[in-house]
Structures are given as C-alpha cells and as structure tokens.
Amino acid sequence: MVGHISRPGAEARQGEVFALEPVAAARALIGWTLTVDGVGGVIVETEAYHHEDPASHSFSGPTARNAVMFGPPGRAYVYRSYGIHWCLNAVCGPDPGSAVLIRALEPTHGTEIMRERRGVEDVRQLCSGPGKLCQALAVNRALDGARLDAAPFEMAPPDREPALVAGPRIGITRAADLAWRFGLKGSRFLSRPFPQAR
DNA sequence: ATGACGATGCACT
DNA sequence: GTGCATCGTCATG
C-alpha cells in the first residue's frame with residue numbers, strides 16, 4: 001500500500017522553500033512529510049550547507065560528486081558517506097552550491113518496509129540519522145539529481161508552523177560553531193538530542 | 001598510481 | 001563514552 005500524501009498548494013509551497021537560502025530552507029523543511037515510493041515520514045532534523053561555508057561539499061567548487069549542488073534548486077543531492085552510507089540533501093537557495101541535509105524523519109509511511117530494510121524493529125531506529133533514513137527509504141546514487149517534486153519523491157507541507165530548536169551541526173570539523181542544525185522541538189526521532197539552551 | 005580524509009553508524013567498555 | 005569498518009572522492013606525484 002502506498003498512500004499519497006499530497007495536499008492542496010503543496011507544489012507552490014515546495015518551490016518557495018527550495019528558493020530560500022539554505023539556513024531558511026533548513027528551518028522551513030522541518031515538519032514536511034517526505035516519502036520515496038510511498039515510504040517515509042515527517043522531517044524532524046535538517047542541517048544547512050551554504051556555498052560559502054567551509055563545511056559544505058560545494059565550498060571548493062564543482063566536482064563530479066557535488067555537480068548536482070550547482071544545478072537547479074529542488075533536486076536531490078545524494079552522496080556516499082564513509083564509504084558505507086548514503087546521505088540525502090535538498091538543493092536550495094538563490095545561489096548555486098547550497099543544500100539542506102535531511103538528517104532524521106519521524107516514520108509515518110511504510111514502517112514495515114523500513115523495518116525490513118533496516119533490520120531493526122524499534123521505530124526510533126528507522127530514520128534517526130542521515131545514513132539510516134537513506135537505508136530505510138532506499139535512497140542511493142540512482143536518485144542523485146532527481147527532482148524532489150516528482151516520483152519517486154513526494155513532499156507535503158506541515159499543517160501548522162512547527163516549533164524549532166537549533167544547535168551546532170554534527171560530525172563536521174570546519175565552521176563547527178555555527179548553529180545550522182535544526183530540529184522539531186520535542187521530537188523523539190532525532191539523530192541526537194540538541195544541547196540544552198542555557 | 002597512491003594516499004588522506006570524511007555532512008556515519010554500530011559494537012563495545 | 002571510545003574504536004573502527006570501509007571506500008568513493010579528490011589532490012598530488
């Protein structure tokens with residue numbers, strides 16, 4: 001079973017989000033539902049990567065790997081991490097070379113398929129990390145450059161403006177001080193907790 | 001041709 | 001909390 005997730009006006013709102021600069025886009029994407037062939041869930045964690053950001057793959061200019069980042073917004077940029085995992089980004093921004101890393105989903109669609117693909121039962125372990133969610137949604141190199149507004153992708157906006165939390169990005173060494181990681185406040189499906197605001 | 005380096009996840013202490 | 005598998009990508013010779 002593959003339930004559609006479309007809502008009225010979703011396409012226009014999607015175009016608006018992907019036109020934003022990456023920090024704004026990363027914030028705006030929290031709460032959207034993302035599926036691949038009907039399997040997926042609600043985006044609860046993102047990170048922004050700006051073209052002038054030393055932590056971004058695009059920082060040193062176009063290469064074979066990051067070419068999609070320099071193309072039109074609204075496409076998937078998929079890359080291999082640590083030779084093992086895949087990671088999914090949404091290309092965004094008015095300027096070339098910006099993207100939003102999708103870091104975690106709250107599983108809502110096709111959870112049994114995700115359990116099979118991940119080999120774990122716990123719903124909190126299905127999509128709580130960029131590599132995990134790509135395994136759960138069967139995202140790989142074949143989807144690098146694919147449009148996010150067409151099959152097999154489908155995206156639907158949140159009904160209400162979600163409450164956000166922000167913090168430093170995970171797993172990077174450069175520009176590690178920037179608070180460009182965003183999460184759905186109170187979500188139990190994050191890859192890691194956010195540092196407490198003090 | 002070769003070497004350094006990860007936008008990670010998992011097992012283990 | 002720490003250790004590390006594993007390999008594509010990119011810079012260098």
Side-chain angles (χ1 to χ4, degrees), chain A residues 18 20-30 34 41 43-71 73 75-93 95-107 114-146 148 165-184 187-196:
Chain A
F18 294 136
L20 298 170
E21 54 85 21
V23 173
R27 298 178 62 97
L29 281 168
I30 299 293
L34 168 70
I43 298 172
V44 297
E45 184 180 336
T46 60
E47 282 178 1
Y49 287 91
H50 190 271
H51 65 285
E52 292 178 345
D53 163 18
S56 175
H57 288 173
S58 61
F59 181 66
S60 297
T63 65
R65 175 178 67 160
N66 67 20
V68 171
M69 289 185 82
F70 292 89
R75 306 292 181 108
Y77 165 48
V78 180
Y79 71 92
R80 184 98 99 160
S81 178
Y82 288 87
I84 307 168
H85 313 286
W86 297 102
C87 291
L88 171 65
N89 298 255
V91 178
C92 70
D95 307 309
S98 295
V100 175
L101 174 66
I102 311 299
R103 286 195 55 90
L105 306 180
E106 175 177 344
M114 291 193 260
R115 283 190 172 95
E116 291 170 17
R117 290 173 176 166
R118 291 273 301 123
V120 296
E121 287 297 310
D122 183 359
V123 68
R124 292 176 63 173
Q125 291 302 316
L126 297 180
C127 298
S128 54
K132 294 179 185 179
L133 76 87
C134 282
Q135 185 180 27
L137 274 59
V139 171
N140 57 45
R141 163 52 50 77
L143 290 175
D144 187 39
L148 290 166
V165 289
R169 294 175 291 182
I170 292 180
I172 58 170
T173 56
R174 305 198 284 181
D177 53 318
L178 297 174
W180 283 4
R181 174 186 178 222
F182 303 98
L184 178 63
S187 174
R188 299 166 52 250
F189 298 91
L190 303 172
S191 67
R192 295 182 40 179
F194 279 76
Q196 294 292 350

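Residue numbering restarts at 1 for every chain, and letters A, B, ... go by the order of the sequence lines.
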Nucleic acid footprint by protein, nucleotides 8-13 of chain B - heavy-atom cut-off 4.0 Å, B for base, S for sugar-phosphate alone: BSS---
Within-4.5 Å side-chain heavy-atom neighbours: [X] and [Y]:
| X | Y | answer |
| --- | --- | --- |
| A:M114 | A:L137 | yes |
| A:R115 | A:V123 | yes |
| A:L126 | A:K132 | no |
| A:I170 | A:S191 | yes |
| A:F189 | A:L184 | no |
| A:R141 | A:R80 | no |
| A:Y49 | A:S58 | no |
| A:S56 | A:M69 | yes |

Secondary-structure string, 5' to 3', Watson-Crick or G-U under 3.5 Å, | for another-strand partners, for DNA chain B: ||||||.|||||.
Rounded interatomic separation in angstrom, taking CG from A:D177 and C1' from B:dA7: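 That distance rounds to 16 Å.
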Taking N or O atoms only and anything under 3.5 Å, show me the protein contacts with nucleotides 9-13 of chain C, one pair per line.
residue	atom	partner	partner atom	Å
C:dT9	OP1	A:R141	NH1	3.3
C:dT9	OP1	A:R141	NH2	3.1
C:dC10	OP1	A:T63	OG1	2.0
C:dC10	OP1	A:R65	N	3.4

Approximate separation, where rounding is to 0.5 Å, of A:I30 CD1 and A:E45 CD: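 Separation between the atoms: 7.5 Å.
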Donor-acceptor pair between A:Q135 and A:R118 side chains, under 3.5 angstrom: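 Their side chains do contain a donor-acceptor pair, which is all the 3.5 Å distance test asks for.
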